[in-house]
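The first residue in the sequence is number 1, and the count goes up from there.
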Amino acid sequence: MNLFSGFTLNRRIQNAKVQQKVQAYALDQYEIQLQSDIHRAFNTYETNRNLLEIEKKNYEVAKESSDIALERFRLGISSYLEFRDAQVNLLTAENRLITSIYNIKEMEIELMRLSGKIFFQNSYEELNLPTED
């Protein structure tokens with residue numbers, strides 16, 4: 001039995017205290033990072049919701065413009081190029097509307113993931129898709 005261990009026990013206690021502080025700081029850092037991610041995702045979500053309202057109005061205007069261009073083309077007042085431009089503008093507006101809806105859903109999923117409502121058991125799990133037979 002050792003009577004004097006060369007302060008090994010004291011060093012171990014001090015190391016354990018230092019490690020405890022380091023782990024506490026790491027935990028605080030993760031909590032701050034999580035809060036930051038949640039705030040960022042929520043702000044992006046709100047921005048995308050506002051953008052969706054704008055894109056809906058833009059789509060309605062493009063649809064009306066396309067209808068007017070079609071009627072003008074039928075009457076012979078405008079050229080094919082003007083009609084085609086109105087169609088392209090409508091498709092562009094529709095694409096931006098769909099992208100806006102997609103971005104909102106993406107942010108909803110991210111917010112659910114960050115809040116813990118979505119939990120992936122194993123992210124490397126093999127995906128089994130049905131095969132065509």
Side-chain angles (χ1 to χ4, degrees):
M1 195 168 175
N2 268 342
L3 295 177
F4 182 71
S5 61
F7 300 109
T8 306
L9 182 60
N10 287 340
R11 251 192 329 240
R12 286 183 180 173
I13 291 171
Q14 288 174 349
N15 284 341
K17 287 179 181 178
V18 168
Q19 286 298 323
Q20 184 180 14
K21 284 185 180 182
V22 167
Q23 293 302 320
Y25 290 142
L27 180 62
D28 289 343
Q29 180 182 0
Y30 287 130
E31 286 176 357
I32 290 169
Q33 182 66 41
L34 179 62
Q35 288 175 352
S36 173
D37 289 347
I38 289 172
H39 286 297
R40 179 194 45 79
F42 183 74
N43 287 337
T44 304
Y45 173 75
E46 285 295 314
T47 302
N48 285 336
R49 296 266 321 235
N50 294 336
L51 184 62
L52 177 63
E53 295 304 317
I54 293 169
E55 292 300 341
K56 282 180 180 178
K57 292 175 184 174
N58 186 31
Y59 177 76
E60 290 171 5
V61 169
K63 179 99 170 111
E64 185 177 334
S65 176
S66 177
D67 291 342
I68 291 170
L70 176 62
E71 194 59 37
R72 288 175 54 96
F73 181 70
R74 283 185 187 159
L75 295 173
I77 299 172
S78 68
S79 67
Y80 175 75
L81 290 177
E82 291 173 354
F83 173 61
R84 182 70 182 137
D85 282 343
Q87 284 181 328
V88 168
N89 288 339
L90 178 62
L91 289 174
T92 303
E94 185 178 17
N95 186 33
R96 285 196 315 253
L97 180 64
I98 291 169
T99 302
S100 179
I101 293 169
Y102 174 80
N103 289 338
I104 287 173
K105 288 298 179 185
E106 188 177 39
M107 281 297 106
E108 285 176 356
I109 292 169
E110 179 68 7
L111 283 168
M112 287 174 30
R113 183 186 71 81
L114 289 171
S115 68
K117 293 185 179 179
I118 294 178
F119 178 73
F120 298 106
Q121 198 70 341
N122 184 358
S123 60
Y124 300 108
E125 189 174 292
E126 186 177 326
L127 184 64
N128 295 322
L129 297 174
T131 58
E132 293 181 22
D133 289 331

How far does [atom1] of [X] sit from [atom2] of [Y], to the nearest 0.5 angstrom?
X    : Y    : atom1 : atom2 : value
L111 : K117 : CG    : NZ    : 9.5 Å
E53  : K56  : CD    : NZ    : 5.0 Å
L70  : L75  : CG    : CG    : 9.5 Å
D85  : E82  : CG    : CD    : 8.0 Å
R84  : N89  : CZ    : CG    : 10.5 Å
T44  : L51  : OG1   : CG    : 11.5 Å

To check you understand the geometry: which heavy-atom pair defines the closest contact between [X] and [Y], and what is its length?
X   : Y    : value
S78 : A69  : OG-O, 3.9 Å
A41 : L114 : CB-CD1, 4.1 Å
A86 : S65  : CB-O, 4.2 Å
L52 : L97  : CD1-CD1, 3.7 Å

>> Do Q33 and D37 pair up side chain to side chain, a donor and an acceptor below 3.5 Å, judged on atom types alone?
In response: yes
Taking the side chain as every heavy atom from C-beta outward, state whether [X] and [Y] have any pair of such atoms under 4.5 Å apart.
X    : Y   : result
E94  : L90 : no
N95  : L91 : no
E55  : Y59 : no
V61  : E64 : no
Q20  : Q23 : no
N103 : Y45 : no

> Backbone N or O of A62 within a donor-acceptor pair of the S66 side chain at under 3.5 Å?
Replying inline: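 No, because the side chain of S66 does not come within donor-acceptor range (under 3.5 Å) of the backbone of A62.
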> Would you say the side-chain atoms of S36 pair up with the backbone N or O of I32, donor to acceptor, closer than 3.5 Å?
Replying inline: no
>> Using a 6.0 Å cut-off, check whether atom CZ of R12 has over 12 heavy atoms from anything other than its own residue.
In response: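 Atom CZ in R12 is not crowded, with 12 or fewer foreign heavy atoms closer than 6.0 Å.
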> Are more than 12 heavy atoms from other residues, nucleotides or ligands located less than 6.0 Å from atom CD of E31?
Replying inline: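 Count over threshold, so yes.
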> Do E46 and R49 meet the salt-bridge criterion of a basic N to acidic O distance under 4.0 Å?
Replying inline: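 Not counted as a salt bridge, because no side-chain N and carboxylate O are separated by less than 4.0 Å.
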>> Between K105 and E108 (salt bridge meaning N to carboxylate O under 4.0 Å), is one present in this structure?
In response: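 Counted as a salt bridge, because a side-chain N and a carboxylate O are separated by less than 4.0 Å.
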